[in-house]
Amino acid sequence: MNAPKSDFLKVLTERGFIHQTSDFEGIDAAAIEGRLTTYVGYDCTGPSLHVGHLLSIMMLHWLQETGAGKPIALMGGGTTRVGDPSGKDESRKLLTPEQIEDNKTSLKGVFARLITFGDGPRDAIMVDNAEWLTKLNYIEFLRDVGRHFSVNRMLSFDSVKLRLEREHELSFLEFNYMILQAYDFVELHKRYGCILQMGGSDQWGNIVNGIDLGRRSGTSQLYAVTCPLLTTASGAKMGKTASGAVWLNADMLSAYDYWQFWRNTEDADVIRFLKLFTLLGMDEIHKLAALEGAGVNEAKKVLATEATALLHGREAAEVAAETARQTFEQGALSESLPTVEIPASSLDAGLGVLTAFGPEYAKLLPSTGEARRQVKSGGLRVNDQIVTDERGVLRTANLTPEGVIKLSFGKKRHVLLRAV
RNA sequence: GGGGGAAUGUCCCGAGCGGCAAAGGGGGCGGACUGUAAAUCCGCUGGCUACGCCUUCGUAGGUUCGAGUCCUACUUCCCCCA
C-alpha cells in the first residue's frame, strides 16, 4: 500500500488503527473529497460498551476530526435480537426487545464524548437497524437478498466453522446474522450514502459480505477497514481488570478504576496505546517513547490520565491521578478512593472481616470462601495491616480519624468503608 | 433406518477399578522479586450461619449402605454401515 494522501488514512496508519483495508487507494480518494460516510455497528448485548469497542469509536472520531466524512454509529437494535455467533462457543441467550432497548439507551452516552452529533453534513448520526430489519418480509427478503448468498461459502466463515468444528450448536437464527449485517451496509448506503464500514478484524468476513451484496444489488463501490484485535504485548486478550470487564460507562466502572486499568499497562504496550487511545499529538508521543526503565511509569500516567479524560472528563481524570498518587506514591489514605457506605450499627455489633471484603460490602471478593483463602496467602489488609485471623471482626475502634476503614485486596485494590 | 462412541468442577482442555469435593494442565487470583511493568519462583483456584453442613460430573428415573463410575429412557454431537 502506498503512502496515504488523506489526513484520515495518514492518522489511522501512523497511529496503528489499520489491520486490513479492502481498497486503500479508493478509500483514500473518498476521504480527500470528504465523502467517506462511514458506519460502525454496535450490538446492544450489554448495558455498556467496553475498551474493545473504544478502538472503533476512536476511528470514527478521527474520521470526523480529519473531515473525511460523516460518522454513523449503528445501534444493533435489530441484529441483537438475532445474536452474533462470532467467536463464541455457545449461543447467547436471547434478549427481550425491552432489554435491548434499555441497553441501547445506556450505550448512547459514550459516543457523544468522542464524536459530535447533529444535523450538519459532517455531523455524526446514530441510527438503529431495528428500523428496517424488523419490517422485513421473509419471502421478499429471501428473493432479494438471500439468493445472493452461498451457503457453501457461509459455512467456510470462521464464525460458523468454529462452532461446527467444536461440535457446538449453531442455530439457524444465528446463522443469519451475517446476512443481516451485509444487508445493513447496503441499507445504510441507500439511506445515507454510506460507503465504508469499519470494525474489528473479526468482522472482516461480515463486512466483505456487505460489499459483495452491494455489488450485486447495484450500489456504488463499498469499502472495508478493520482494526487489529486488542491484545497485550504478552498475548492476553485485553479488556479485563481483576474485577471484570473494562466498561466505558461511569456507572459500571469508576473513573478511578478506569484510570488504574490504563496505569497498569505493560511496558511494551504503552506507546501503542497512547497512539490508539489518546488524542495526544504524535510528536508528544514520540517524546514519551524515549523514556526507559522506571521512567516508563511517567508515560503510563500520561496514558491513564489522557484516556480517562476522554471518557470521564478532564476533572475526573485529574482526581483519579491524584488519588492514585496519594495512595501509591505516598502510601497515604486518600478519601477519594472508591467508597462503600455501611450502617454504623453494624460496626457496633462487629462486622466479620471476611464478610466486609465479600460481595455484601466492599465487593473486593466474590465470596467469603475466597476471602478466607486470601487471608491464608496474605492478600488482605485492613488499614494497611495484614489480616491474619479470618475470624477477625471490624469494630468502631477500627475507624480512622477520617471515619473510614481502608480495606485492601492485593497491592492495588482499595475500598473505603464509611460508617453512616 | 442399523451399529459403535462421546458429554466431567458453569472460563477452557482433560484423567477418573462403586467410597469423590473428584488427578493433571491452561487461564485467573494472591505472595516474593520489581517500577502499580514484564520474566521468574511459591501458594490458592465449589458454596455456607464452617473441626460440621450443602450443592456439583448432559437430562430424568433405577440398582446399591454408598453412583461421575452400574442399569433404563431421553437430549445433543462424532464415526461406520444402508
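Protein chains get the first letters and strands the later ones, always in sequence-line order, with residue 1 at the start of each.
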Considering only the [atom1] atoms, how many Å lie between [N] and [M], rounded to the nearest integer?
{"N": "G28(B)", "M": "G46(B)", "atom1": "C1'", "value": "15 Å"}
{"N": "G18(B)", "M": "U75(B)", "atom1": "C1'", "value": "26 Å"}
{"N": "G2(B)", "M": "C70(B)", "atom1": "P", "value": "24 Å"}
{"N": "G4(B)", "M": "U55(B)", "atom1": "C1'", "value": "35 Å"}
{"N": "C48(B)", "M": "U40(B)", "atom1": "C1'", "value": "37 Å"}
{"N": "U56(B)", "M": "G61(B)", "atom1": "P", "value": "12 Å"}
{"N": "U8(B)", "M": "C57(B)", "atom1": "C1'", "value": "4 Å"}
{"N": "G5(B)", "M": "G52(B)", "atom1": "P", "value": "42 Å"}

Rounded interatomic separation in angstrom, taking [atom1] from [X] and [atom2] from [N]:
{"X": "L365(A)", "N": "G30(B)", "atom1": "CG", "atom2": "P", "result": "9 Å"}
{"X": "L407(A)", "N": "G30(B)", "atom1": "CG", "atom2": "P", "result": "16 Å"}
{"X": "E322(A)", "N": "U36(B)", "atom1": "CD", "atom2": "P", "result": "16 Å"}
{"X": "E390(A)", "N": "G30(B)", "atom1": "CD", "atom2": "C1'", "result": "16 Å"}
{"X": "K301(A)", "N": "U36(B)", "atom1": "NZ", "atom2": "C1'", "result": "10 Å"}
{"X": "R391(A)", "N": "C51(B)", "atom1": "CZ", "atom2": "C1'", "result": "10 Å"}
{"X": "D267(A)", "N": "G35(B)", "atom1": "CG", "atom2": "P", "result": "12 Å"}
{"X": "N264(A)", "N": "A38(B)", "atom1": "CG", "atom2": "P", "result": "8 Å"}

Just to verify, which of E306(A), E318(A), E329(A) counts as forming a salt bridge (charged side-chain N to carboxylate O under 4.0 Å, His left out) with K301(A)?
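Only one of E306(A), E318(A), E329(A) forms a salt bridge (charged side-chain N to carboxylate O under 4.0 Å, His left out) with K301(A), namely E329(A).
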
Could I get the full list of salt bridge (charged side-chain N to carboxylate O under 4.0 Å, His left out) partners for [X], not counting sequence neighbours?
{"X": "R216(A)", "answer": "none"}
{"X": "E322(A)", "answer": "R325(A)"}
{"X": "E335(A)", "answer": "R418(A)"}

Is the W262(A) ring parallel, tilted or perpendicular to the F277(A) ring (thresholds 30°, 60°)?
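It falls in the tilted class, 30° to 60°.
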
For K376(A), report the nucleic acid contact type (base, sugar-phosphate, nothing); a contact means any heavy atom under 4.0 Å.
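It contacts nothing in the nucleic acid.
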
Identify whether any heavy atom of G293(A) sits under 4.0 Å from a base atom; if not, whether one sits that close to sugar-phosphate; answer base, sugar-phosphate or nothing.
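The residue G293(A) makes base contact.
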
What protein N or O atoms touch nucleotides 44-48 of chain B N or O atoms at under 3.5 angstrom, if any, and at what distances?
from, atom 1, to, atom 2, distance (Å)
G47(B), OP1, S367(A), OG, 3.1
G47(B), OP2, R373(A), NH2, 2.4
C48(B), OP1, T368(A), N, 3.4
C48(B), OP2, T368(A), OG1, 3.2
C48(B), OP2, G369(A), N, 3.0

Decide, for C12(B), between syn and anti: a glycosidic angle within 90° of 0 counts as syn, anything else as anti.
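Base orientation: anti.
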
As a test of the definition: with a 90° window around 0 for syn, would you call C20(B) syn or anti?
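That one's syn.
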
Checking only heavy atoms, does the side chain of E329(A) share a donor-acceptor pair with the base of U36(B) at less than 3.5 Å?
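In this structure, the two groups form no donor-acceptor pair.
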
Listed once per pair and sorted, the ring-ring contact (aromatic ring centres under 6.0 Å, His included) pairs that draw on residues 287-321 of chain A, sequence neighbours left out:
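For residues 287-321 of chain A: Y258(A)-H312(A).
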
Where at least one partner belongs to residues 326-377 of chain A, residue pairs that pass ring-ring contact (aromatic ring centres under 6.0 Å, His included), sequence neighbours excluded:
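ring-ring contact (aromatic ring centres under 6.0 Å, His included) check on residues 326-377 of chain A returns F328(A)-H414(A).
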
Verify the contact: side-chain N or O of [X] to OP1 or OP2 of [N], cut-off strictly under 4.0 Å; return yes or no.
{"X": "K412(A)", "N": "A37(B)", "answer": "yes"}
{"X": "K411(A)", "N": "A32(B)", "answer": "yes"}
{"X": "R413(A)", "N": "G30(B)", "answer": "yes"}

Taking all atoms of both residues into account, what is the closest heavy-atom pair of E370(A) and L365(A), and its distance?
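So the two residues come closest at CG-CD2, 3.8 Å.
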
Determine the minimum heavy-atom distance between I207(A) and A224(A), stating which atoms define it.
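Closest heavy-atom pair between I207(A) and A224(A): CG2-CB, 3.3 Å.
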
Between G379(A) and A324(A), name the one whose nearest nucleotide on RNA chain B is closer to the 5' end.
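Between the two, 5'-proximity favours G379(A).
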
Please figure out whether R381(A) or R263(A) has its closest RNA chain B nucleotide nearer the 5' end.
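Closer to the 5' end of RNA chain B: R381(A).
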
Please determine, for [N], whether a Watson-Crick or G-U wobble partner exists with both distances under 3.5 Å, and give it or none.
{"N": "A6(B)", "value": "U76(B)"}
{"N": "G18(B)", "value": "none"}
{"N": "U56(B)", "value": "none"}
{"N": "G35(B)", "value": "none"}
{"N": "U64(B)", "value": "none"}

Apply the test ring pair (Phe, Tyr, Trp, His ring centres under 6.0 Å) to residues Y39(A) and Y192(A): give CA-CA distance (whole Å), side-chain angles for both, the deciding distance (0.1 Å), then the verdict.
CA-CA 10 Å; Y39(A) 99 92; Y192(A) 305 104; over 10 Å; no

